Amino acid sequence: MFDRIYRAGVLGVAGRKPVEHLVRSRAWSVAKRFVAGEEMDTAIAAVKELAADGVLGNLDLLGEFVNSPETANVFAGQVLALQARAAEAGVRPYVSVKLSSVGQGMTIDGPGSTAGTDLGLSNARRIVGRARELGGHVCLDMEDHSRVDVTLQQFRTLLSEFGAEHVGTVLQSYLYRSEADRNGLDDLRPSLRIVKGAYLEPESVAMPAKSDVDAAYRRLVYSHLKAGNYTNIATHDPLIIDDVKMFVLSHDIPKSRFEFQMLYGIRRDLQKKLAAEGFTVRAYIPYGRDWYAYFSRRIAERPANVMFVLRGMLKG
Ligand code: FDA
């Protein structure tokens, strides 16, 4: 309950324009702990740096709730450019995309056979198509609960067109519906990233108690692993990570069927340690000028982070 109140407080304050303005102008020195940089090349350099520790990268161009088809198309173009640049630099173009940022919910109109198609789906097709050409992968991030139905529906379409090697998505354990969603996707053998969930959601759709979210997290991971599907275990929770290690050992699940994923700047020590133990580990590496919403969610996850921000801002 405290977690929810804290999260609501931080995200509520962070959503105010004067606060955003102040944090954007004063807190970059703090934000850069969680964000690799504002430019594409700094993010690619971060992937190479992590590779020295045996950790793989998942590149994420930040940008959310893009509100016009033109900006959505520009954003999609930037993701396509990122994929190409990564491949040129010898980095596998493994990227994450929020469908809202490429036009989900906007309709393509005008003449032509694509009229009426969702712009997010059409742009995602281009991005996943490019991933297939370049031997890459695209994970469709999961946003707030109002987008889950449409994201899963578009994921099904893309998966049937491009295959699980090139496209995956995310389920959030705080949502009551996620267990049924996972069961419903099983026949497609999908690659899923399991997370706890980072948005402020009403109690009608999301579990308010952290202990329930953690228990649901374990259930989702275990059932996806048991079904033999590729599982991306995206958490920094050391207790859950230890339990998963025991689970795979006792169920003879090979290391090639799952990976651990963590966020850039969080528990790098643990990322390195797991990689040294022979597990596949991937860090989610966000970059771009639109870092504020992502940064606010990271602060809302952990009370100690507020002090970290305030101290950083006072230092300037
Ligand atoms: P939990 O919150 O219980 O934290 C466990 C421990 O991790 C903490 O005690 C602390 O040590 C450390 N930790 C966690 N968060 C921290 C922070 N912000 N700063 C410092 N330390 C921290 N969510 C979503 O809704 N949609 C999505 O698509 C994704 N995608 C995604 C990808 C990847 C690779 C990861 C790791 C996470 C996401 N998330 C996400 C975010 C996710 O939902 C969740 O909010 C965070 O991972 C924090 O939850 P933990 O599982 O780490 O556990």
Side-chain angles (χ1 to χ4, degrees), residues 2-4 6-7 10-11 14 30-36 50 55-60 62 64 94-101 104 137-148 151-152 155 168-175 177-178 181 191-201 205-207 209-218 220-221 231-244 258-271 274 280-286 291 293-309 312:
F2 167 77
D3 297 292
R4 204 179 169 281
Y6 169 74
R7 185 178 293 196
V10 172
L11 293 178
V30 184
K32 71 180 188 214
R33 173 183 160 193
F34 300 105
V35 178
L50 286 164
V55 174
L56 301 171
N58 170 1
L59 289 159
D60 174 55
L62 294 169
E64 296 174 53
Y94 189 123
V95 301
S96 280
V97 174
K98 287 183 176 43
L99 287 172
S100 66
S101 63
Q104 188 183 64
H137 183 87
V138 180
C139 181
L140 310 175
D141 279 350
M142 196 56 82
E143 303 175 68
D144 66 280
H145 77 277
S146 68
R147 291 186 181 267
V148 175
T151 300
L152 291 182
F155 169 61
T169 192
V170 180
L171 291 181
Q172 298 151 318
S173 73
Y174 63 9
L175 294 185
R177 59 175 289 170
S178 290
D181 285 337
S191 163
L192 292 180
R193 178 201 296 161
I194 311 293
V195 302
K196 291 187 187 174
Y199 294 81
L200 182 61
E201 297 288 14
V205 300
M207 300 164 200
K210 183 170 169 16
S211 54
D212 292 337
V213 177
D214 290 355
Y217 188 93
R218 288 179 169 84
L220 278 173
V221 168
T231 311
N232 301 288
I233 302 143
T235 182
H236 315 90
D237 189 326
L239 298 176
I240 291 184
I241 291 172
D242 281 348
D243 287 351
V244 170
F258 65 94
E259 64 187 57
F260 291 109
Q261 297 191 344
M262 293 185 213
L263 300 175
Y264 180 81
I266 302 182
R267 294 304 312 264
R268 190 153 170 188
D269 57 331
L270 185 55
Q271 297 177 24
L274 289 167
T280 302
V281 182
R282 191 179 304 277
Y284 184 101
I285 304 175
W291 48 265
Y294 175 86
F295 177 61
S296 306
R297 286 197 296 279
R298 299 295 77 80
I299 301 311
E301 276 159 3
R302 195 163 173 254
N305 286 353
V306 167
M307 289 314 293
F308 175 61
V309 175

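Just so it is clear, the model here is predicted, and its values are computed rather than measured. Numbering of ligands and ligand atoms starts at 1, following listing order. We're numbering straight along the sequence, starting at 1. Quick note: numbers below take in every heavy atom, side chains included, and nothing from hydrogens, waters or symmetry partners.
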Inset, instruction - Please check atom 53 (O) of ligand 1 for a protein heavy-atom neighbour under 4.0 Å. - result: yes
Legend entry - Shortest heavy-atom approach to atom 40 (C) of ligand 1 - which of Val195, Ile299, Asp237: Val195
Legend entry - Short N-O contact, Asp212 and Lys210, less than 4.0 angstrom: no
Legend entry - Nearest neighbour of atom 13 (N) of ligand 1 from the list Asp214, Leu270, Ile266, on a heavy-atom basis: Ile266
Inset, instruction - Would you confirm whether any non-hydrogen atom of the protein falls under 4.0 Å from atom 43 (O) of ligand 1? - result: yes
Legend entry - Residue-ligand contact Arg33/ligand 1, heavy atom below 4.0 Å: yes
Inset, instruction - Just jot down the ligand 1 atoms closer than 4.0 angstrom to any heavy atom of Tyr284, in number order. - result: 32 (C), 34 (C)
Inset, instruction - Establish, for the pair Arg297 and Tyr294, whether the NZ or CZ atom is under 6.0 angstrom from the six-membered ring centre and no further than 45 degrees off its axis. - result: no
Legend entry - Sub-4.5 Å side-chain heavy-atom contact between Arg177 and Leu152: yes
Inset, instruction - Evaluate the side-chain contact (heavy atoms from CB on, under 4.5 Å) criterion for residues Thr151 and Met142: first the C-alpha distance (whole Å), next the side-chain angles of each, then the deciding distance (0.1 Å), finally the verdict. - result: CA-CA 7 Å; Thr151 300; Met142 196 56 82; 3.9 Å; yes
Inset, instruction - Please examine the side chains of Leu62 and Phe295, heavy atoms only from C-beta on, and report whether any two atoms are closer than 4.5 Å. - result: no
Legend entry - Donor-acceptor under 3.5 Å (Asn232 side chain, Ala234 main chain): no
Inset, instruction - Classify the contact between Asn305 and ligand 1 as side chain, backbone, both or neither, using a heavy-atom distance cut-off of under 4.0 Å. - result: side chain
Legend entry - Ligand-side contact atoms (ligand 1) for residue partner Gly197, heavy atom cut-off under 4.0 Å: 25 (O), 42 (C), 43 (O), 45 (O)
Inset, instruction - Using modelled atom types only, decide if a donor and an acceptor are shared between the side chain of Thr231 and the backbone of Phe258 within a distance under 3.5 Å. - result: no
Inset, instruction - May I ask you to identify the nearest protein heavy atom to atom 41 (C) of ligand 1, giving residue, atom name and distance to one decimal place in Å? - result: Arg298 NH2, 3.8 Å
Legend entry - Any Val213 side-chain heavy atom under 4.5 Å of Gln172 side chain: no
Inset, instruction - Would you mind running through ligand 1 and noting each atom that sits below 4.0 Å from a heavy atom of Ala234? - result: 33 (C), 34 (C), 35 (C), 36 (C)
Legend entry - Residues which pass side-chain hydrogen bond (donor to acceptor under 3.5 Å, both in side chains) with Asp243, listed by chain and number, not counting sequence neighbours: Arg218
Legend entry - Arg193 (side chain) donor-acceptor with Thr169 (main chain) under 3.5 angstrom: no
Legend entry - Distance from atom 51 (O) of ligand 1 to nearest protein heavy atom, with residue and atom: Thr235 OG1, 2.6 Å
Inset, instruction - Within a distance under 4.0 Å of any heavy atom of Asp141, pick out the atoms of ligand 1 and give their elements. - result: 28 (O)
Legend entry - Proximity to ligand 1 by part of Leu263, non-hydrogen separation under 4.0 Å: both
Legend entry - Backbone of Ser100 reached by a side-chain donor or acceptor of Glu143 within 3.5 Å: yes
Inset, instruction - State whether the side chain of Gln261 and the backbone N or O of Ile194 hold a donor-acceptor pair below 3.5 Å, judged by distance alone. - result: no
Legend entry - Pairwise side-chain contact, Ile240 with Tyr217, heavy-atom cut-off 4.5 Å (strictly under): yes
Legend entry - Best match, Gln261, Met142, Met262: closest heavy atom to atom 28 (O) of ligand 1: Met142
Legend entry - For atom 20 (C) of ligand 1, closest protein heavy-atom neighbour: Arg302 CD, 3.4 Å
Inset, instruction - Return the residue, atom name and 0.1 Å-rounded distance of the protein heavy atom closest to atom 32 (C) of ligand 1. - result: Arg193 NH1, 3.4 Å
Inset, instruction - May I ask which of His236, Lys210, Lys196, Glu143 has a heavy atom nearer to atom 47 (O) of ligand 1 than the others do? - result: His236
Inset, instruction - Check whether any protein heavy atom sits under 4.0 Å from atom 16 (C) of ligand 1. - result: yes
Inset, instruction - Find all atoms of ligand 1 within a distance of less than 4.0 Å from any non-hydrogen atom belonging to Gln172, and give their numbers and elements. - result: 24 (C), 25 (O), 26 (N)
Legend entry - Per-atom contact, atom 30 (N) of ligand 1, protein heavy atoms, under 4.0 angstrom: yes
Inset, instruction - Using a 4.0 Å heavy-atom threshold (strictly under), name the region of Glu301 that reaches ligand 1: side chain, backbone, both or neither. - result: side chain
